[in-house]
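Start at 1 and go down the list; that is how both ligands and their atoms are numbered.
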Amino acid sequence: MKLSKKQIQQYEEDGFLFFPGYFSEKEVSILQRELSRLPEGDPGRMVENDNKTVRALHGCHTHSEIFKRLIQHPRLLEPVQQILKELVYLYQFKINMKAAFTGDAWPWHQDYVFWYKEDGMPTPEVVNISIFLDEVNHFNGPLYLIPGSHKEGMVDVEAQIPNSGDKDADWQANVSANLKYCLNQTNVAQMVEKGGMVAPVGPRGSVLFFHGNVAHASVPNISPYDRRIIIITYNSIKNIPISKGKPRPEFLVCQDYVPLQPARDDVLLQQTNGQMIIACS
Ligand code: SIN
Ligand code: MN
């Protein structure tokens with residue numbers, strides 16, 4: 001899928017693009033089924049502050065054929081190559097679970113500050129893609145975005161949680177409800193005054209592309225509806241991090257810089273033997 005010139009301009013202006021119902025019901029069922037099959041004892045698994053509800057799964061593409069296919073999907077890769085004007089590789093793959101009644105907040109932040117400070121990524125020209133595995137509605141903690149906030153550049157916030165030397169605690173501070181690099185209220189109020197706020201909602205299969213410096217957040221999910229989203233981050237092969245020390249775990253930050261090639265549009269529907277999946281429960 002190729003973006004029009006107008007869509008690219010809109011992305012550059014707002015820092016995001018939203019496509020309701022981008023993947024079909026059948027494709028989403030395949031992704032959901034794959035999620036339910038993932039192993040329990042995953043090292044990239046993060047729990048909520050209650051110590052039991054799963055908050056997020058990181059790096060699941062490394063042990064899932066379906067998620068590996070998803071990252072090569074032309075409806076994701078082609079627009080990203082157009083936006084970044086370069087070949088791209090996978091930087092991060094995660095599934096945020098935001099479970100019904102218990103899924104916790106994501107405070108206001110920009111993603112790039114993490115990638116700059118923790119990984120040494122040279123520029124913020126990196127694209128996130130959120131794929132809705134459930135309907136995202138006004139009640140289950142949709143992502144809030146501040147349009148145009150990417151144009152402010154990276155706000156150089158101080159780490160709120162110092163590195164402890166414990167490797168699990170350190171990576172978890174980048175993905176827990178107590179985030180390491182948050183925007184303060186003044187930053188957010190100023191950005192919102194200029195750009196307002198949006199919360200894209202839509203059926204499962206909807207897709208949101210957003211810039212690495214767009215300010216975003218989400219509130220806890222107190223509704224009875226799960227809000228599971230996949231977030232895939234693609235980086236240009238010209239923007240590979242210049243490591244400042246020991247890299248973060250591979251399940252959090254991929255170190256395979258081989259450019260991804262778009263697969264066929266029906267890649268999720270093909271069985272491993274090359275036949276098409278006809279029905280999916
Ligand atoms: C994120 O900022 O990476 C995710 C936010 C969310 O899942 O609501
Ligand atoms: Mn984020």
Once rounded to 10 degrees, what value does the angle at the Mn ion (ligand 2) take between OD1 (D111) and NE2 (H216)? 100°
What do we get for I229 next to ligand 1 when only non-hydrogen atoms under 4.0 Å count, side chain, backbone, both or neither? side chain
With a cut-off of 6.0 Å (strictly less than), are more than 12 heavy atoms of other residues, nucleotides or ligands near OH of Y225? no
Check: S218 N/O within less than 3.5 Å of ligand 1 N/O: yes
May I ask you to check whether F16 and H211 place their ring centers less than 6.0 Å from one another? no
Side chains of N140 and D226: donor-acceptor distance under 3.5 Å anywhere? no
Does the pair D256 and Y89 meet the rule for a side chain to side chain donor-acceptor pair (under 3.5 Å), with working shown? CA-CA 8 Å; D256 177 354; Y89 72 96; over 6 Å; no
Start with the C-alpha distance between D119 and Y91, add both sets of side-chain angles, then the distance that settles side chain to side chain donor-acceptor pair (under 3.5 Å), and finish with yes or no. CA-CA 11 Å; D119 308 325; Y91 187 70; 2.4 Å; yes
Backbone or side-chain N or O of R227 under 3.5 Å from ligand 1 N or O: yes
Atom 3 (O) of ligand 1 - nearest protein heavy atom and its distance: K94 NZ, 2.6 Å
For atom 4 (C) of ligand 1, grab the closest protein heavy atom and report residue, atom and distance to one decimal in Å. N96 ND2, 3.1 Å
Identify the closest protein heavy atom to atom 6 (C) of ligand 1: which residue and atom is it, and at what distance? W106 CD1, 3.3 Å
